Protein chains: 2
Amino acid sequence: MAQKKEYLSKNQKIVLDIIEKSAQPMKAYSILFNVQKKGLKAPPQVYRALDKLVEIGKIHKIESRNAFIACRNSACTITNATAFSICESCEDVKEISSSKLSKYLSNFQDKEGMKYNKYNLEFFGICKKCK
Amino acid sequence: MAQKKEYLSKNQKIVLDIIEKSAQPMKAYSILFNVQKKGLKAPPQVYRALDKLVEIGKIHKIESRNAFIACRNSACTITNATAFSICESCEDVKEISSSKLSKYLSNFQDKEGMKYNKYNLEFFGICKKCK
DNA sequence: TCTGTTATTGTTATATTATAACAATGTAAT
DNA sequence: ATTACATTGTTATAATATAACAATAACAGA
């Protein structure tokens, strides 16, 4: 599950660790604040790590929130098909893993028959706790 | 089709006009630059208009690009179910209107049976022109 | 018409998110 | 040792967005 962490650089590990420990998406500058004790002092150090981690699928960016969440899939390489549920009240975010949904969207074609190699879907609502 | 524009305030009309004239999504500060001749001098004036226009569905925000695009639906009130195709080469963006897709997503339930009142979907690929 | 209420606008300042540019260091193969 | 390449460190700045408050306009009810 965490095997691939071995291939990560020092800074990438540090940033991934802090995101994985968080139950919720973290903002870049909140990450920066939290890793300053580990020696990462400047934004580029954090953003570089974030870029790489997104690229390899260890984390995902929640675009509507400018925040980053750890990927909980066992494989953690799915960077091209992401879906999230976001509670608009408590801002709780969960990754949705529905093979039915991902099949449907991965096979989606538009009117001109164009297919896509990547998508990101964000659902919004009020979660059970907040209801 | 443009009936509802009557209910918009002066600044809202100015901002909507410029976005509607653009074939592509516009960034907030590009909008600001373009409306300065019309008297809107500061970011808050643009962002307020953008917020309102998004709220009433006249425009949509492309979250992955921090840009705003005019809604081409006749009704222009659909603010809660949006889907876009984005070319990663030329950055061309089109709103997808597929009743099949919107039905599928509007009815989607997660594992706990939770339904959502809103979603935003962004597809990425290479458009025909760029291929 | 007056008056209170609400929406809209104008304005300054500042917060938040993200990248450019370049120097320094580490790593690993030859 | 030398080269090549990835990673890190650092400073500065760009790009995106909001807070806070004053001024004005729009408008309904007394």
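Quick caveat: nothing in here was measured; it's all calculated off a predicted structure. To find a chain, count down the sequence lines: A is the first, B the second, and so on, and within it residues start at 1.
There is a side-chain donor-acceptor pair under 3.5 Å between A/Thr82 and A/Asn120.
Dashed line: the shortest gap from a side-chain N or O of A/Lys10 to OP1 or OP2 of D/dG9 is under 4.0 Å. A sub-4.0 Å separation between OP1 or OP2 of D/dA6 and a side-chain N or O of A/Ser9 is absent.
Each of A/Lys41 and B/Asp51 was assigned the nucleotide of DNA chain D with the nearest heavy atom; the assignment lying further toward the 5' end belongs to A/Lys41. For the pair B/Gln12 and B/Pro44, both in contact range of DNA chain C, the more 5′-proximal nearest nucleotide belongs to B/Gln12.
Pairs of residues two or more places apart, or lying in two chains, never qualify as ring-ring contact (aromatic ring centres under 6.0 Å, His included) while including a residue from residues 9-38 of chain A. Identified under the salt bridge (Lys or Arg N to Asp or Glu O under 4.0 Å) test for residues 114-130 of chain A, with sequence neighbours left out: A/Lys118-B/Glu88.
Take A/Tyr116 and apply the ring-ring contact (aromatic ring centres under 6.0 Å, His included) test, not counting sequence neighbours, and it matches B/Phe123. Partners of A/Gln36 by side chain to side chain donor-acceptor pair (under 3.5 Å), not counting sequence neighbours: none found. A search for side chain to side chain donor-acceptor pair (under 3.5 Å) contacts involving B/Ser30 returns nothing, not counting sequence neighbours. Residues passing the ring-ring contact (aromatic ring centres under 6.0 Å, His included) test with A/Tyr104 are B/Tyr104, sequence neighbours excluded. With sequence neighbours excluded, no residue forms a side chain to side chain donor-acceptor pair (under 3.5 Å) with A/Asp51.
Nucleotide C/dT8 holds its P atom 10 Å from the CD atom of B/Glu55, rounded to whole Å. Computed from coordinates, the A/Arg48 CZ to D/dT10 C1' distance equals 9 Å when rounded to whole Å. What separates CZ of A/Phe33 from C1' of C/dA15 is a distance of 17 Å, to the nearest Å. For A/Leu40 and D/dT10, the CG to P distance is 10 Å, given to the nearest whole Å. For the pair B/Ile14 CD1 and C/dT9 C1', the computed distance is 11 Å after rounding to whole Å. In this structure, CD of B/Gln36 is placed 12 Å from P of C/dT11, rounded to the nearest angstrom. One interatomic measurement links the two molecules: CD of B/Glu63 to P of C/dA18, which rounds to 12 Å at whole-angstrom precision. Rounded to whole angstrom, the span from the CD atom of A/Gln45 across to the C1' atom of C/dA18 amounts to 15 Å.
For A/Ser102 (side chain) and A/Ser99 (main-chain N/O), a donor-acceptor pair under 3.5 Å exists by modelled atom type.
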Which atoms of nucleotides 26-29 of chain C (N or O only) lie under 3.5 Å from a protein N or O atom, and what are those distances?
none

Check nucleotides 13-17 of chain D against the protein and report each pair of N or O atoms closer than 3.5 Å, with its distance, or say if there are none.
residue : atom : partner : partner atom : Å
D/dT16  : OP1  : B/Lys27 : NZ           : 2.7
D/dA17  : OP1  : B/Lys61 : NZ           : 2.7
D/dA17  : OP2  : B/Tyr47 : OH           : 3.2
D/dA17  : N7   : B/Tyr29 : OH           : 2.8
D/dA17  : N6   : B/Tyr29 : OH           : 3.1

